[in-house]
Each structure stands twice: as structure tokens, then as C-alpha cells.
Engineer: 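Can you read through this structure? Questions will come right after.
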Amino acid sequence: MNANVSIQSYGLVAEFDTPGDAMRAASSIRDAGFRKWDVHTPFPVHGLDAAMGIKNSPVGWFTFFGGCTGYTTGMLMIWFMNGFDYKIVVGGKPLFSPFYAFPVCYELTILFAAFATLIGMCFLNRLPRLYHPLLKNRRFAAVTHDKFFVVIETADPKYSPVETRKLLETAGSRHIELIEE
Amino acid sequence: MSAVLEKLLATTGTTPKELEREPLVLNQRSLGWISDRIAGVCENALPKWWWPAFLISFTVMSMMFICIAYLISTGVGVWGLNNPVGWAWDITNFVFWIGIGHAGTLISAVLFLLRQKWRTSINRSAEAMTLFAVACAGIFPMIHVGRIWLAWWLFPLPNANSIWPQFRSPLLWDVFAVSTYGTVSLLFWYTGLVPDLATMRDRAKTKIRKFLYGLGALGWTGSNRHWSNYEKAYLLLAGLSTPLVLSVHSIVSFDFAVSQVPGWHTTIFPPYFVAGAIFSGFGMVLTLMIPLRTLCKLEEIITVRHVELMGKVILATGSIVGYAYGMEFFIAWYGGNPYELAAFKNRAFGPYWWSYWIMVTCNVVTPHLFWFKKIRENMVIVFIISIFVNIGMWFERFVIIVTSLHRDYLPSSWGYFSPTWVDICTFIGSFGLFCTLFLLFIRFLPAIAISEVKGVTPQADPHHKLGGAKGGAHH
């Protein structure tokens, strides 16, 4: 591998016109054994996760633990406020009961789970990100419009300036560009 | 190929032609056209109607804030409240607005879980409608507390008296339900906006637009590794919003149902309130969408079919509401409680008979016009019916609240509520706030979910010939 190239450049970007073309390219790159690569699309393409070999997203764990935290927080808060710290008898009802506390805990479960989901998604995606080499490229701006891009990073152990370019050409891309870091 | 098709092929030598789904975007528009058209609403020169509409809305909104200032500086006596009618237009408006919000969440979450792809054209603006309706709703309980500077006692914050809120009260459950609803709706709406803000960022012509949209887009690059987590998060948020939306109006109904007042103390309230909320919300969605699609030239994305389908939802939920009205009366009679029966007789034939029959006309009779396809497809008639739904649902809440309160247990304390000009102007002003926020929204944010609409076109399907499938067949 050429040391100069790997320092200055981010990766090879190949442009495709349809999701079908990008998906076939993705399957061939997956089968070639690349690791640091991605497909960028204007909308989620059905079946692309399988074509890329991406496993099921773990966001659900964040949601689950967020929800559990919300429910527990609610129960503890209400017990502390109405049953422990300042006891007020209302209508002869018990000072604390999980039944009257339930509606509030139900809402807090959802509130905390929703925050955890969004934060978890951002964490897993390493977002927000203020700078990305791809976003400097003028042609890449069409990724949010109507074009599909396959990106293979130069940091990938399998990357080779000639072979990788050839692989993307074989996959049917008519525009391949080396993007700087 | 399925077994049935193989058998057909073996016996007749041919297979039937595959039926194409009716497209959700008309005229086979390209992916690029979709972002150009939707983003164009925010990018092109302001249409002529925008400033007049904004100025009128803004003036009406200002009227509300003037009324609120007058209310706070003088006291709740400026409203028509009396003893026994301690809740009237304030809580009616609150329940009315919070109900409107429910259609937005239903469209964005429930229809998403049910894989109703037509939702993509309307979910963004319906969610925005939810947020603005919740904002309008939130004002009324805040200002009805009398000493508004103590409204923060509703929240579990330490105060100088070291007393905490009392969680056995459904009114406090409501505080949590509504604030959670507003917050989660905002998170859901924003999550949906991220890819579209990236579209706006990449199209931006000026530095400041690029910076601001870019800030909201969080550095989105459309990476499929990101989409994978994003889609899962979106699904989970939809899954969380569904029980949330059902609980919010259930808890709003607990404000009444958990009390002992005849006419309020009924077990049917939670499902009846939820159905009514969705009914009223779809009414408001149609009231907004029909002008929006024409004025912003979005007829090819928000099609007649979309309006027609929403008409069907109104018909279904309107029928549930009609059933609930009937069932309330049945139980009032069958339950054998003379006070309950008296309350309901009074509701239909007492001093407020006119409001009850306005409600029945608007909510029970008009939605049944939607049995006819010709009517569901006529934009003018649908628009008029949607206004009727809005009026009817406001009166429903008025009927429930005021007719139940105005005749208390003691005939000596019976009364009658009439609104003052402050009541009326505050309510009308809340429409000003709603319209102002909505007009700003359609000017600065994509009013339709660009990436989601692209996703439901045939050219987005990698297994469709327009999406680049080899051989052009589904698999």
C-alpha cells in the first residue's frame, strides 16, 4: 500500500443511479471481505442491510434500559414525595400504592425510553458530527437527492488503489473518485 | 414463485399479469423531482398568500396574549366562570386542542406500525400539527389556575413550603401525560426531520442556511450503517408513541371519570375520548391539508386518494363516537342511578340542549356522508365536513364539562355559564397561535417527509425494474 495515499485520502467513492445497482455493488464488496466501507443513500433501501452484511441494530437495548429507568424513577419519586418525605393523608387512601402511581410511571417509562432511543441512535451512529470528509465533496451532495454512493475507506486492510477501483468499476459505477481526508 | 402460480403455469401455460399497486406519487415522478418540489416550498419566492395569512394569524395570536395579560393582571373573574361552573371554556379548549394532536401521532406512529405507506405524504405536517396543538392546549391549564405564578407547583420541584405534588390526583397524572406527550412528539418529529434537514443543507444556496440546516442535520451522510440504527430507532419511537397516544387521552378522560360528578363518572370515557380525539384530529388534518396541497402545489404527493383514506378514518372514528354517545345514554338508564339519568336527560333537553344537538349533528350525522366515495373525493365537501368535525368536537367537550357541572347536587346552587369576551377572544386567539406556528413551519421546514416519500416510490425499490432490478421482476 502506498503510504502517502493512505494519509491524505479518505476513500474511494463510487456513484450509482439506482438502488438496485448500489445493492449489487454492496453484495460484491461484502463478498470480497471489506470492513471499512459503506453505502450512502437518500432513503433507507429495503434489503441493503442484508446485502452489506449489517447485523440487527442494538438500539432496542437503549430503549429497554431507558424504559426500566423511567418506571423505577417514577415509583421511587412518588414513594419518596407522598409516602416518605411529606406524608399527606388524602381521602383515607394509603400513603403509597403502586396503583395510583402507575399512570405517572407509565408516562415516565415512555419519556425515558424515547430519550434513550434517540440518544442511543446518535451514540451508535457517532452523531452529531460536525465534520465529515464526504460532505466536502460537491458531487456527494446528491446523496440526499437522487444518487447512491458506495464508499470504501483507504483505511480498510484490503484496500488497494488499483484493485479496489477495478472492483467498483466492475460493479457498474460510471463515476469513481478518490476523496481527501 | 408461489405454489398457486406454479400450478397455473403448469395447467394453462401462462401466469396472470401482475397487478401494479396504485402509485402513491402521481405521474411517475423521479426521486429528484420529489426533493425539488417539497424543498421548493421553503426555497422559492414567497407565494402571495403567505404574508397576508401570516399577518392575520399573528394579529389573532396577539389578541390571545393580550387577553392572557388581562386575565393574569385582573384575575379569573374576567372569564364567565361561576359557582357551580368552575371549569368551562378553559378546560374545553384544553381538551379540544390536545385531542387534535392525537391524529398526528396516529398517522406517524400507528399507521407506521400498520405499514400504511400512504402516511408518508402527510405524517410530517400532521406531527407538526400535533406539536402546535399541544402548545395551544398547554396554555389553558396554565392560565386557568388563577395564580399563574404558582403554576410550577404542578411539577415535582422543591418549593419553599417543602410540600410535594399530590400524586393521587388525576390532574397531576395529566401534567405528566401531556408534558410527556409534547416531549416525545417533538423527539419523534425531530428524528424524522434529520435526513430531510440534510437534504435542505445540501441544497442550501446561502452560508447561513447551510449552517443552520446543517446544525439540525447532525452531520447526516445517508450512510446505510446509520440508516440501520435510524430505522430501528424510528420503529421503536413509533412503538413508544402508540401506547403513549392511547394513554394521553385516557388520562385526560380520568380528569373527569375519576371524579364523582354524574355525567363524568363513567367507565366508557377512556376509549370514547381516544376515538373522539382521533376523529377531531383527522378533521383538523384535513382542514390543513386540503388548502396546503393546493396552495403549495403538492397535489401529486398529497393525492385525492390520501384525502379519501382520511375520510374513511373519520367515518370509522366518527361511528365509534356516535356509538359512545348512545352507550352513555343506555348506561345512564340501565345503571339505575337516578342522578346519572337526570344528568343525561338534562344534557339533551335541559338549558344546554342546543349545544348537545350541535354536537350530535356535527359528530354523528355529518361523518356518515363519507360512506359515499363521490363525497370523499370532492375536496370542497371534504373541507366543509372537516370544519363541521372541528366544531362538533369542540362542542362535545363543552357539553361534557359544562352540562355536567351547571346542575350540582343542590338545586339551590344550579347555575348557567355564559362566556365573556375574554373567554371568546382567548379561544379564537389560540387558532392564531396555531396558524402562525404552522405557517412558519411550512416556510422553513420541509412540510412533507422527503426521504420517506422517496422510499415508497417504485424507483426506490431495488427489486423493481425502475429501481434498477435486473430482469425487471419482483422476487
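Reminder, nothing fancy here: chain letters follow the sequence lines and each chain counts from 1.
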Engineer: Examine whether an atom of A/K55 lies under 4.5 Å from a heavy atom of chain B, and if so say whether it belongs to the side chain, the backbone or both; otherwise answer neither.
Structural biologist: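 Only the backbone of A/K55 comes within 4.5 Å of chain B.
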
Engineer: Determine, using ring centers only, whether A/H175 and A/F149 are less than 6.0 Å apart.
Structural biologist: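 Between A/H175 and A/F149, which both carry aromatic rings, the centre distance is not below 6.0 Å.
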
Engineer: For chain A, which candidate among B/P156, B/A217, B/G214, B/S241 shows the most heavy-atom pairs at distances under 4.5 Å?
Structural biologist: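 Of the candidates given, the most pairs with chain A belong to B/P156.
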
Engineer: Is the backbone N or O of A/M121 less than 3.5 Å from a side-chain atom of B/N229, with the two atoms forming a donor-acceptor pair by type?
Structural biologist: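 Checked: no pair found.
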
Engineer: Roughly how far, to the nearest 0.5 Å, is the CG atom of B/D36 from the CD1 atom of B/I450?
Structural biologist: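 Rounded to the nearest 0.5 Å, the CD1-CG separation comes out at 9.5 Å.
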
Engineer: Which one, B/S223, B/A233, B/A39, B/G219, leads in non-hydrogen pairs under 4.5 Å with chain A?
Structural biologist: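 Of the candidates given, the most pairs with chain A belong to B/S223.
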
Engineer: Under 6.0 Å between ring centres: does that hold for B/Y230 and B/W227?
Structural biologist: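 Judged by ring-centre distance (under 6.0 Å), B/Y230 and B/W227 do meet the cut-off.
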
Engineer: Mind checking whether B/I251 and B/Y181 have side chains closer than 4.5 Å, heavy atoms only?
Structural biologist: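 Contact flag for B/I251/B/Y181 side chains = no.
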
Engineer: Heavy-atom pairs under 4.5 Å with chain B are the metric here; pick the option from A/T41, A/D146, A/V39 that has the most.
Structural biologist: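 Top option by heavy-atom pairs under 4.5 Å: A/T41.
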
Engineer: Do we get A/R126 above A/F123's six-membered ring, with its NZ or CZ under 6.0 Å from the centre and within 45° of the axis?
Structural biologist: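 Yes, A/R126 lies over the aromatic ring of A/F123.
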
Engineer: Given side chains that start at C-beta, do those of B/V25 and B/V453 come closer than 4.5 Å, heavy atoms only?
Structural biologist: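 Sidechains of B/V453 and B/V25: in contact.
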
Engineer: Using non-hydrogen atoms only, which part of B/L244 is less than 4.5 Å away from chain A: side chain, backbone, both, or neither?
Structural biologist: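 Both parts, heavy atoms under 4.5 Å.
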
Engineer: Under 4.5 Å between any side-chain heavy atoms of B/Q28 and B/P23, yes or no?
Structural biologist: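 No. Closest side-chain heavy atoms not under 4.5 Å.
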
Engineer: Identify which part of A/A101 has an atom lying under 4.5 Å from any heavy atom of chain B, answering side chain, backbone, both or neither.
Structural biologist: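 Neither part; nothing is under 4.5 Å.
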
Engineer: Less than 3.5 Å apart, any donor N or O on the side chain of B/N224 or A/D38 sitting next to an acceptor on the other?
Structural biologist: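 There is no such pair (donor and acceptor under 3.5 Å, judged by atom type) between the side chains of B/N224 and A/D38.
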
Engineer: Counting only heavy atoms not in A/R129, do more than 12 fall under 6.0 Å of its CZ?
Structural biologist: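 Enclosed.
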
Engineer: Would you please say whether a donor-acceptor pair under 3.5 Å links the side chains of A/Y10 and A/E180?
Structural biologist: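 No pair is found: no donor N or O on one side chain lies under 3.5 Å from an acceptor on the other.
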
Engineer: Would you mind telling me which of B/V184, B/L240, B/L237 has the largest number of heavy-atom pairs within less than 4.5 Å of chain A?
Structural biologist: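 Counting heavy-atom pairs under 4.5 Å, the top option is B/L240.
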
Engineer: May I ask you to name which of A/D21, A/N82, A/L48 has the most heavy-atom pairs under 4.5 Å with chain B?
Structural biologist: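 Option with the top pair count is A/N82.
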
Engineer: With a 4.5 angstrom heavy-atom cut-off, which part of B/W33 approaches chain A: side chain, backbone, both or neither?
Structural biologist: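 Neither part, no heavy atoms under 4.5 Å.
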
Engineer: Please flag which part of A/M52 lies under 4.5 Å from any non-hydrogen atom of chain B: side chain, backbone, both or neither.
Structural biologist: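 Interface part for A/M52: side chain.
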
Engineer: Looking only at heavy atoms and a cut-off of under 4.5 Å, which of B/L215, B/T180, B/I34, B/D174 has the most pairs with chain A?
Structural biologist: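 Among B/L215, B/T180, B/I34, B/D174, the one with the most close pairs to chain A is B/T180.
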
Engineer: Mind ranking B/S169, B/A198, B/G32, B/S179 by heavy-atom pairs under 4.5 Å with chain A and telling me who comes out on top?
Structural biologist: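 The answer is B/G32.
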
Engineer: With only heavy atoms counted, which part of B/E452 is less than 4.5 Å from chain A, the side chain, the backbone, both or neither?
Structural biologist: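 Contact with chain A involves no heavy atom of B/E452 at all.
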
Engineer: What part of B/L466 gets within 4.5 angstrom of chain A, counting heavy atoms only: side chain, backbone, both, or neither?
Structural biologist: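 Contact with chain A is through the backbone of B/L466 alone.
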
Engineer: Using the ring pair (Phe, Tyr, Trp, His ring centres under 6.0 Å) definition, which of the options A/F99, A/Y106, A/Y100 pairs with A/F102?
Structural biologist: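 In the set A/F99, A/Y106, A/Y100, the residue that makes a ring pair (Phe, Tyr, Trp, His ring centres under 6.0 Å) with A/F102 is A/Y106.
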
Engineer: Name the region of A/W79, side chain, backbone, both or neither, that has any atom closer than 4.5 Å to a heavy atom of chain B.
Structural biologist: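 Neither part; nothing is under 4.5 Å.
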
Engineer: Side chain, backbone, both or neither: which part of B/Q459 has a non-hydrogen atom closer than 4.5 Å to chain A?
Structural biologist: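 The backbone, not the side chain.
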
Engineer: Would you say that more than 12 heavy atoms from the other residues, nucleotides or ligands in this model lie under 6.0 Å from the CZ of A/F96, or not?
Structural biologist: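 Yes - once you tally the heavy atoms of other residues, nucleotides and ligands closer than 6.0 Å, there are more than 12.
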
Engineer: Can you tell me which of A/L95, A/L134, A/L130 forms the most heavy-atom pairs within a distance under 4.5 Å of chain B?
Structural biologist: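 The candidate making the most pairs under 4.5 Å is A/L95.
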
Engineer: Side chain, backbone, both or neither: which part of B/P170 has a heavy atom under 4.5 Å from chain A?
Structural biologist: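 For B/P170, no heavy atom lies under 4.5 Å from chain A.
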
Engineer: Against chain B, work out which of A/F140, A/F115, A/F62 has the most heavy-atom pairs shorter than 4.5 Å and name it.
Structural biologist: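 With the most close heavy-atom pairs to chain B, the winner is A/F115.
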
Engineer: Just give me the residue among A/L124, A/V90, A/N56 that pairs up with chain B most often, heavy atom to heavy atom, under 4.5 Å.
Structural biologist: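 Highest number of heavy-atom pairs under 4.5 Å: A/V90.
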
Engineer: Between A/T63, A/V151, A/V143, which shows the greatest number of heavy-atom pairs under 4.5 Å with chain B?
Structural biologist: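 Heavy-atom pair counts peak at A/T63.
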
Engineer: Is a donor on one side and an acceptor on the other found under 3.5 Å between the side chain of B/N123 and the backbone of B/E127?
Structural biologist: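 Not a single qualifying donor-acceptor pair exists.
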
Engineer: Report which part of A/H145 has an atom under 4.5 Å of a heavy atom belonging to chain B: side chain, backbone, both, or neither.
Structural biologist: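 For A/H145, the contact with chain B is made by backbone and side chain together.
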
Engineer: Side chain, backbone, both or neither: which part of A/L135 has a non-hydrogen atom closer than 4.5 Å to chain B?
Structural biologist: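 Side chain only.
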
